[in-house]
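Reminder, nothing fancy here: chain letters follow the sequence lines and each chain counts from 1.
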Protein chains: 2
Amino acid sequence: MSSETDLRRRILDTTRHLLVQDGYASLSMRKIARAIGYSATSIYLYFENKDALFHALIDEGMEQLYDELKTVAAAYSDSPRARLRALCRRYVEFGLENQEYYEIMFLLRPERMERYPADKYRRARRNLDIMASALADGVEQGVMHTDDPRVSASVIWAALHGTVSLQLSRRVDIRIDRDAFIDAAIDQALRGVLPVEVRPQAA
Amino acid sequence: MSSETDLRRRILDTTRHLLVQDGYASLSMRKIARAIGYSATSIYLYFENKDALFHALIDEGMEQLYDELKTVAAAYSDSPRARLRALCRRYVEFGLENQEYYEIMFLLRPERMERYPADKYRRARRNLDIMASALADGVEQGVMHTDDPRVSASVIWAALHGTVSLQLSRRVDIRIDRDAFIDAAIDQALRGVLPVEVRPQAA
DNA sequence: GTGCTGTGATTAACGGCGTTAAGTAACAGC
DNA sequence: GCTGTTACTTAACGCCGTTAATCACAGCAC
C-alpha cells in the first residue's frame, strides 16, 4: 500500500518538475516515465490517462493557491479593502511565480472538464469565495459596494486573470513596466467596488 | 502563379473551417491535407511548418478584428466615451463569436513568437492603438483621465481578455448570467478612466 | 513442496502525429 | 529530344497516447 502511493507521488512530483523545467508543450507520458525510470505504461496503473494525471496536478495547484490566499486573507482580517487588494496582488504573483502551473490550471482549454465536474469546480471556486467574502465584509462595513457580490468577485477575477495571461504570454507592450502595469490593473479592478456615494456613474 | 496562390488559399480556408468545426486540439497537418485531397507534405510547399500556417491564420484573424474595431470606431467618432464602450463590447463579442479564432490568436502560448516579431507584433498592436486613441481623444475632450494612455489601454484590454477567456473556458459560475457578467466587466473596465474630478481615490 | 491467485510491472503493438528526403510526372524552352 | 523546373507524392524517421498481452513474483492453500 505504501509503495503504490509512493510511485503515484513520484509520478506527480516528476511531472510537476518537468513541467516547470521544460514547459507543457514538450511533456509526454513517455518522457515522464523515462525520468522516473519506469515504462510509460506504468503511469496508467495510477492515472486513467494523461488528462487525469494533469487533473491531479491541477488539484494540487488549486490547493496551493487556496492556501496562499487563505493566509493572505487571515493577515488582513480586519480591513476588507486591504484584504481584497492583498488577495489580488497575491493572485497575480502566484500566476507569475508559477507560470507552468498557472498554465495548466487556468490557461489550458478544459475540453474534458464535464467528466469530473463537481469536486473540481467546487475546489476551484473556493478561491473565488475568499474574494467574495472580502467583498461581502466590505459591503457590510460600508466601505465597498456591489450589486451582486458573486458577479463582482468574478469580474475582478477576470481582470486579474487577463493581467496574468497577457503578462505570461508576453503580449503586453515591452515598453510598459511590468509592475506599473500590474499595479494599474489591480487599482482598476478595485475601483469597481467602491461605495456608491463616491462612485461616479459609468462612462 | 495563380495556382500557387490557389492552393495556399484553400489550405488556409480549410484549416480555418476545420478549426471552427473540430477545434484546435484535433487539428493536424495530415487532417488538413485529407480534407483538401492532397498529401500532407504539400502543405509544406506553402508554409514552413505548422506554426507558420497558424501564424498566417492568426494574421488574418487580427486583420478581421482590426476591421471590425475600425468600423466601430468610425461609427462613434464624435464621442470618445461611447466609442470606447462600443470598442470594448465589440472586442468581447468578437472573442465569443469566433471562439476557435480567439483561441489561436490570444490563448495559445506563443513560444515561437520571437521568430516573427516585428510585423506580427505591429499588426496585433494596431487593435490596441484604436482603443488608445479613443482614450487620448477622451482625455483631450476632458471626459476621460489616465496617467498613461498606453498603460490604461493595455489594462482595459487585459480586463476584456480575462472576461473572454473565462467565458470561453466556461470557468465562470454557471449561475451568473453571461450578459450581466460581460456588462459588469465592461462597466468596470471603463470606470478606471473616468476624469479625476469625479473619480474617487483607489480602495 | 506444488499449485493458484493477485499484484505490479513489462514488452509489443496500433494508429496517429510533424517533418524531411527522395522521387515522379507534367510541362516549358531550347 | 533533351534539360530544367514546377507541383506534387511516397517512404521513412522518430515521436506520441493508449491498449493488450505477458511476465515475475508474492502470499497462501493444500
Worksheet item: Is there a donor-acceptor contact under 3.5 Å linking the side chains of A:R81 and A:S79?
Response: no
Fill in: Rounded interatomic separation in angstrom, taking CG from A:L53 and P from D:dG17
10 Å
Discussion item. Checking A:F54 now: which residues fulfil ring pair (Phe, Tyr, Trp, His ring centres under 6.0 Å) with it, not counting sequence neighbours?
Written reply: A:Y24
Item to complete: Round to the nearest Å and state the distance from B:Y44 atom OH to D:dA12 atom P.
Response: 19 Å
Worksheet item: A:H161 pairs by ring pair (Phe, Tyr, Trp, His ring centres under 6.0 Å) with which of A:F94, A:Y102, A:Y91?
Response: A:Y102
Discussion item. Quick check on DNA chain C: between A:R30 and B:K31, whose nearest nucleotide comes earlier from the 5' end?
Written reply: A:R30
Fill in: Atom pair distance, as rounded to whole Å: CG in B:D51 and P in C:dG18
11 Å
Worksheet item: Angle, rounded to 10°, between the helical axes spanning five pairs at each terminus of the helix from C:dG1-D:dC30 to C:dC30-D:dG1?
Response: 30°
Worksheet item: Is B:D67 salt-bridged to B:K70, going by a charged N under 4.0 Å from an acidic O?
Response: yes
Discussion item. Please report the distance, rounded to the nearest Å, between CD in A:E48 and C1' in D:dG17.
Written reply: 13 Å
Item to complete: Identify which nucleotide among C:dT19, C:dT10, D:dT10 has an atom closest to any side-chain atom of B:S39, counting heavy atoms from C-beta outward.
Response: D:dT10
Item to complete: Answer with base, sugar-phosphate or nothing: what part of the nucleic acid does B:S28 contact at a heavy-atom distance below 4.0 Å?
Response: sugar-phosphate
Practice prompt. Measure the distance from CZ on A:R34 to P on C:dT11 and round it to the nearest whole Å.
Written response: 14 Å
Worksheet item: Heavy atoms under 4.0 Å, any strand shown: does A:Y38 hit a base, just sugar-phosphate, or nothing?
Response: sugar-phosphate
Item to complete: Working to the nearest 0.5 Å, report the span between CD1 of B:I186 and CZ of B:F181.
Response: 10.5 Å
Fill in: Counterpart residues, side chain to side chain contact (heavy atoms under 4.5 Å, CB included), relative to B:E93 (two or more places apart)
B:R89, B:R90, B:E97
Worksheet item: Can you tell me how far P of C:dA9 sits from OH of A:Y46, to the nearest Å?
Response: 4 Å
Discussion item. Check A:R126 with A:E63, please: is the shortest side-chain N to carboxylate O separation under 4.0 Å?
Written reply: yes
Worksheet item: Which listed nucleotide (C:dT19, D:dC8, D:dG17) is nearest to the side chain of B:L45?
Response: D:dC8
Worksheet entry | Separation of atom CD1 in A:I43 from atom P in C:dA9, rounded to whole Å | 12 Å
Practice prompt. Using atom CG of B:N49 as one end and atom P of C:dT20 as the other, report the distance to the nearest whole Å.
Written response: 7 Å
Worksheet item: Starting at the 5' end of DNA chain D, which residue's closest nucleotide do you reach first, A:T41 or A:S26?
Response: A:S26
